[in-house]
2 protein chains.
Amino acid sequence: MTSSGLHAARARGGNARQLVHELLRARIVGLELQPGTPLSENELAAELGVSRTPVRESLILLAEEGLVDVYPQLGTFVSRLREQDIASAQFVREALELAALRDGVERADQRDILELRALLAAQTDAERRRDPEAFFRLDEEFHARLMAAAGHPEAWSLVHHAKAHLDRARRLSLPLEDQLALLIRQHTDVVDAVEQRDAQGADAALRGHLRQVFADVETVRTRHPQLFGEADTPPRPRPRRESRKRSVDR
Amino acid sequence: MTSSGLHAARARGGNARQLVHELLRARIVGLELQPGTPLSENELAAELGVSRTPVRESLILLAEEGLVDVYPQLGTFVSRLREQDIASAQFVREALELAALRDGVERADQRDILELRALLAAQTDAERRRDPEAFFRLDEEFHARLMAAAGHPEAWSLVHHAKAHLDRARRLSLPLEDQLALLIRQHTDVVDAVEQRDAQGADAALRGHLRQVFADVETVRTRHPQLFGEADTPPRPRPRRESRKRSVDR
DNA sequence: CCTGACGTACTTGTATGGTAGCCGACACGA
DNA sequence: TCGTGTCGGCTACCATACAAGTACGTCAGG
């Protein structure tokens, strides 16, 4: 069961809160838990084999990231994909990654280039195996490594947070024809430009790549509109009828 | 009693967790709680008239922001000013504020300019009254307003988080001679450039301003080295009983 | 006197009980 | 038929009890 795995991991490493947090985060970003899904503290605690405390603390952290919405005395729900959240995440990601890349063009050494190229090779392999999940992990690692090479490894966590909102939508578009190949090509262009110390080229390549990702979200929006929504009102677990509800705190 | 005030505020506004979080955050950023100070969940709960739960949840959030360090089974301490944290905060702040300003130069309308100028006037007033605390609040509002005018009000929260690490150190340098006047001058330069749609000028003015703030931190480091530290190990063995109120010497 | 084992008083982490408030179903009355 | 009041079940929030672990003062033994 899930609980046994959690107990094992708990013995190995971190505390229950971190484990639950990471687990729920992965499930939300991976769309295993779809937007609008109700998350009950009691239910999760029972399912994961821990008490409500670490579950609750995890939900608070997820709420801070914008991945869940907490309505006191009402319930906690996986947040819907909101126009504003996605646009904001895109802005933050662009600003941070492009700023980092400006330093990266100067600071990256041959060792960094080699590691990035190794990740590109692994991505190509994942694409050939038609394994979008593997590609997702490698994509994360690529962008993280890029920021580390630029000398700003800590700022990655912020990009990581922002990226979650984009990935949640983007994931549905990845299995599409030739999508992975296109993204890998764009990654490669970035690395090439960095290796040649071509600041303008690198900037253009990465910007184009990030905009591509943003465009993918739009594609998904038209195909899966039910995942999106402004969500001033809490989603309904299993409703039959509409009812008006005034939102509480921010 | 402190608790009565909190209960009152609680009736008015949010839940206990948010109130405790904001209170502790203000005390830490305001250096009322100096770096290295131990924060006991029990002690805080008793002092604030709430149970451990909201206090603990607040500390978790503060730990996420990097303002406190939690050592399990050992204690929670106000984090020291770390070289890396400060540099990272500076990078994030520059990246986000400058990226926003690029949009702001195009999007800001006359109404935005007027509101910004009103804040500048208030800052000048605070400077004349030699009121650094008031200036700090107005500085926050100025930068927040600037990002809102640029069309990225949500990204402010990230800058706000980053700014905390800088402000904590900077606060000690603000009462210095002519510091406030210089900062206000720089703020004014930014607004002037934005009003004239001078993208390059605005970029240079804001970058210069942010670098100035960063330089102030260095000044403080040489004067108050005890506030800094890499803190691989818990800050202090064990300061028992009340020994705070250690006035900042020169 | 010096050294080292140990108990005690703390710490955070986790589990659980109690409370106020919201929603939806259902009975009742017009 | 439709509107309304009540009640049961759910929620998150908060308080409290227990468990696991660390540091330091104390004291026995050299």
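Within every chain, numbering begins at 1; the chains are lettered A, B, ... in the order of the sequence lines, protein sequences first and strands thereafter. Atom set for the values below is all heavy atoms of this structure, side chains included, hydrogens, waters and symmetry mates excluded.
Annotation: side chain to side chain donor-acceptor pair (under 3.5 Å) contacts of A:Glu115 (sequence neighbours excluded): A:Arg145. A:Glu97 is linked by a side chain to side chain donor-acceptor pair (under 3.5 Å) to A:Arg93, A:His143, counting only residues two or more places apart in sequence or in another chain. Residues that satisfy the side-chain contact (heavy atoms from CB on, under 4.5 Å) test with A:Ala45, not counting sequence neighbours, are A:Arg52, A:Val55. A:His160 meets the ring pair (Phe, Tyr, Trp, His ring centres under 6.0 Å) test with A:Trp156; sequence neighbours excluded. Under the rule for a salt bridge (Lys or Arg N to Asp or Glu O under 4.0 Å), A:Glu64 has no partner lying at least two apart in sequence or in another chain. With sequence neighbours left out, B:Asp85 forms a side chain to side chain donor-acceptor pair (under 3.5 Å) with B:Arg82. With sequence neighbours left out, A:His152 forms a side chain to side chain donor-acceptor pair (under 3.5 Å) with A:Asp103.
Checked by atom type, the side-chain pair B:Glu22/B:Gln18 shows no donor-acceptor distance below 3.5 Å.
The nucleotide whose nearest atom lies closest to any side-chain atom of A:Val50 is, among D:dC14, C:dG13, C:dA15, C:dA15. Proximity note for A:Arg52 (side chain, C-beta onward) versus C:dG18, C:dT14, C:dG13: the nearest is C:dG18. Of the listed nucleotides (D:dC13, C:dT14, D:dA15), D:dA15 has the atom at the smallest distance from the side chain of B:Pro54.
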Can you tabulate the close N/O pairs, meaning under 3.5 Å, that link protein atoms to atoms of nucleotides 9-11 of chain D?
residue	atom	partner	partner atom	Å
D:dT11	OP1	A:Ser40	OG	3.2

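Protein atom CD of A:Glu57 is 13 Å distant from nucleotide atom P of D:dC14, rounded to whole Å. Atom-to-atom, CG of A:Leu48 to P of C:dT14 comes out at 13 Å; the value is rounded to the nearest Å. For B:His21 and D:dC13, the NE2 to P distance is 15 Å, given to the nearest whole Å. One atom, CG of B:Asn15, and another, P of D:dA12, lie 13 Å apart when rounded to the nearest Å. Whole-Å rounding puts the A:Gln18 CD to C:dG13 C1' distance at 12 Å. Straight-line distance from the CZ atom of B:Phe77 to the C1' atom of C:dC10: 11 Å, rounded to whole Å. Protein atom CD1 of A:Ile60 is 9 Å distant from nucleotide atom C1' of D:dC13, rounded to whole Å.
Considering only side-chain N and O atoms, A:Ser51 lies nowhere under 4.0 angstrom from the phosphate OP1 or OP2 of C:dT14.
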Next on the checklist: Apply side chain to side chain contact (heavy atoms under 4.5 Å, CB included) to residues A:Lys163 and A:His161 and explain how you reach the verdict.
Outcome noted: CA-CA 5 Å; A:Lys163 198 166 173 290; A:His161 279 31; over 6 Å; no
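Axis angle across the helix from C:dC1-D:dG30 to C:dA30-D:dT1, with five pairs used at each end and values rounded to 10°: 10°.
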